[in-house]
Amino acid sequence: MKVLIVGGGGREHAIAEAVSRSSRVDKIYCAPGNGGIAELAECVPITPMEFGKLTSFAKEKEIDLTIIGMDDPLVGGIVDAFETEGLRVFGPRKNAAILEGSKAFSKDLMKKYGIPTASYETFDDPKEACKYLETAKFPIVLKADGLALGKGVLICQDLEEALDGVRQIMEDKKFGDAGNHMVIEEFMTGREVSVLSFVDGKTYRLMSSAQDHKRAGDGDTGLNTGGMGNFSPSPFYTEDIDRFCRENIYSKTVEAMAKEGREFKGVIFFGLMLTDEGPKVLEYNARFGDPEAQVVLPRLKTDIIDVIDACIDGTLDDLDLEFADKAAVCVVLASEGYPVKYEKGKLIKGLDKFRGKEGYYCFHAGTKLTDEGIVTNGGRVLGITALGDTLSEARRRAYEATEWVDFDNKYMRHDIGKAIDEMEEKK
Ligand code: AMP
Ligand code: GLY
């Protein structure tokens with residue numbers, strides 16, 4: 001069969017890698033793809049928001065299944081556009097992708113169905129928001145309602161900062177129309193864990209837990225980024241926590257969406273905070289995480305096309321989802337200066353060293369194929385993932401593999417998964 005993947009980052013590279021292992025797939029296309037994906041798929045120069053061009057392409061090439069990697073097209077209704085044309089597609093429809101697309105929607109859903117999350121209020125008038133802040137407790141969290149490239153969240157230490165935050169979000173429209181509405185919520189403390197799941201409208205199957213490192217610098221210093229690396233599974237996601245989340249978060253969310261007439265088929269990414277009062281939902285995403293996909297999908301043993309079929313057909317209950325019993329660590333190689341200012345177009349050397357190395361992956365995030373070869377084309381350039389029997393081993397191997405590639409201005413954190421390493425050594 002022929003598969004089209006929509007997107008062009010490290011996550012879509014990980015999806016393409018999993019699809020390339022399927023015995024059912026003969027040909028993969030990716031729109032727009034990137035320099036690394038081009039080794040597995042034919043890259044097509046159509047951007048993810050060009051729904052008309054994508055559906056025409058899918059019809060012309062007789063694509064059997066399209067997989068949507070990114071949030072923007074999902075929230076914009078790409079799945080509905082494909083279904084209207086009679087095309088088979090994996091991802092939530094627009095009325096379900098709102099779970100990620102509107103923080104006010106997801107907060108109201110959690111409140112209505114008793115799913116644990118931070119207490120909150122929603123506002124569409126900046127004056128009302130400022131009035132509310134006068135009597136609020138600090139720190140406090142301000143969130144633009146809509147998609148803002150994962151950046152629409154401000155954690156404010158005092159009233160002055162919060163009033164300024166409301167102005168940035170609602171008046172200066174720092175995050176664009178995402179700031180027409182906003183959520184103000186209680187600040188939570190604890191460890192953050194991401195859990196990915198496949199969902200078929202009524203049943204969910206968990207993939208694995210993962211933990212991100214969002215700050216740019218070692219020791220969690222510096223600016224917030226899209227993620228500098230992560231590891232999976234998270235040793236903090238214990239059996240007790242898993243049981244609690246299954247009872248109080250996962251099934252309730254899937255049922256709530258169905259009851260609201262917004263049946264969710266696709267991937268739900270549960271962003272959790274493990275607080276002293278128990279796990280609470282920080283956010284939902286309606287897709288695989290990036291770079292969570294890069295530490296989870298390489299371990300998927302079940303044919304990904306069988307899993308996706310079960311999600312679309314509503315038969316996930318009958319499927320045995322299998323993962324290799326391994327740990328994974330992903331270290332992001334970025335361009336020095338990310339996330340603020342950085343140069344692009346630097347030649348990447350050593351990519352061929354990954355060929356034939358089992359358990360090592362070099363996922364491309366921001367790269368481009370040119371006449372000279374593959375060059376850097378973004379802040380986050382590569383995600384180097386390695387598997388291991390333990391997290392420590394995976395970590396050692398991932399850092400070993402970061403030395404195989406080189407480019408001018410190569411930058412990485414040196415402490416991805418370090419806390420875990422120390423924990424394992426103590427045992
Ligand atoms: P979100 O996009 O909602 O996940 O927010 C991005 C990041 O902001 C999260 O990964 C957390 O680190 C932080 N954050 C969001 N909401 C809260 C909260 N209520 N309390 C503390 N930190 C938060
Ligand atoms: N890694 C976080 C996200 O994909 O939103």
Side-chain angles (χ1 to χ4, degrees), residues 7 9-15 68-72 74-75 97 99-107 110-111 116-122 136-157 162 165 169 175 178-179 182-197 207-216 220 223-232 234 266-277 279-297 330 332 339 363 365 380 383 385 416:
R11 163 184 48 211
E12 288 75 25
H13 195 177
I15 296 172
I68 314 298
M70 301 167 71
D71 45 359
D72 281 339
L74 288 169
V75 171
L99 190 62
E100 169 165 8
S102 166
K103 293 195 189 289
F105 170 85
S106 66
K107 295 295 291 189
M110 288 187 262
K111 189 191 253 178
T117 188
S119 58
Y120 74 102
E121 294 289 336
T122 55
K137 268 208 302 197
F138 292 89
I140 202 157
V141 185
L142 311 187
K143 298 186 172 184
D145 178 53
L147 289 183
L149 297 170
K151 297 192 178 76
V153 175
L154 301 176
I155 295 175
C156 303
Q157 300 301 329
I169 294 178
F175 308 112
M182 67 180 282
V183 171
I184 300 187
E185 75 177 28
E186 167 205 3
F187 176 77
M188 300 188 285
T189 49
R191 262 179 210 284
E192 278 184 51
V193 178
S194 316
V195 177
L196 297 185
S197 65
M207 290 178 238
S208 179
S209 59
Q211 214 163 313
D212 220 345
H213 292 64
K214 286 217 161 82
R215 298 295 196 98
D220 283 333
L223 292 172
N224 245 334
T225 70
M228 293 302 295
N230 61 358
F231 56 88
S232 172
S234 163
V267 170
I268 300 184
F269 167 132
F270 296 90
L272 306 174
M273 179 81 93
L274 309 181
T275 75
D276 288 345
E277 295 162 20
K280 294 188 184 183
V281 177
L282 270 172
E283 64 160 350
Y284 293 114
N285 293 316
R287 47 162 177 89
F288 289 106
D290 190 342
E292 284 77 3
Q294 291 90 310
V295 285
V296 170
L297 289 179
C330 174
V332 169
F363 294 119
R380 287 188 298 169
T385 296
I416 304 299

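Order of listing sets the numbers, starting from 1, for every ligand and every atom in it. Every value quoted in this text rests on a predicted model; they were computed, and no experiment measured them. Residue numbers count from 1 along this sequence.
- Using modelled atom types, one side-chain atom of S197 and one backbone atom of I268 make a donor-acceptor pair closer than 3.5 Å.
- Remark: side-chain polar atoms of K143 are not paired, donor with acceptor, to backbone N or O of A104 under 3.5 angstrom.
- Considering backbone and side-chain N/O of E283, none are found under 3.5 Å from N/O of ligand 2.
- Ring centroids of F269 and Y284 are separated by 6.0 Å or more, keeping the two rings apart.
- The distance from ligand 1 to the heavy atoms of K143 drops below 4.0 Å at these ligand atoms: 3 (O), 15 (C), 16 (N).
- Looking at E185, M188, E100, it is E185 that brings a heavy atom closest to atom 19 (N) of ligand 1.
- The contact set between ligand 1 and K214, taken as ligand atoms under 4.0 Å from a residue heavy atom, comprises 10 (O).
- No donor-acceptor pair closer than 3.5 Å links the side chain of D71 to the backbone N or O of N285.
- Below 4.0 Å from some heavy atom of G289 lie the following atoms of ligand 2, by number and element: 4 (O).
- Taking a cut-off of under 4.0 Å to the non-hydrogen atoms of R287, the atoms of ligand 2 that pass are 3 (C), 4 (O), 5 (O).
- Side chain of S232 to main chain of V296: no donor-acceptor pair is present (N/O by atom type, distance under 3.5 Å, no hydrogens or angles).
- Under 4.0 angstrom from ligand 1, the non-hydrogen atoms of E186 all belong to its backbone.
- Considering backbone and side-chain atoms alike, D290 places an N or O below 3.5 Å from some N or O of ligand 2.
- The only member of L282, T117, T189, V281 that meets side-chain contact (heavy atoms from CB on, under 4.5 Å) when paired with M273 is L282.
- Listed by number with element, the atoms of ligand 1 under 4.0 angstrom from any heavy atom of M273 are 21 (C), 22 (N).
- Of the possible polar contacts, one joining the R11 side chain to the G69 backbone as a donor-acceptor pair under 3.5 Å is found.
- Interatomic distance, K107 NZ to S119 OG, rounded to the nearest 0.5 Å: 7.5 Å.
- Remark: ligand 1 atoms within the under-4.0 Å shell around heavy atoms of F187 are 20 (N), 21 (C).
- Judged by distance alone, with hydrogens and angles left aside, the side-chain atoms of D145 form a donor-acceptor pair with the main-chain N or O of K103 at under 3.5 Å.
- Residue contacts with ligand 2 for N285 involve side-chain atoms from C-beta outward but no N, CA, C or O (heavy atoms, distance under 4.0 Å).
- In terms of protein heavy-atom proximity, atom 2 (C) of ligand 2 is nearest to E292 OE1, 3.7 Å.
- Both the backbone and the side chain of L282 come within 4.0 Å of ligand 1, judged by heavy-atom distances.
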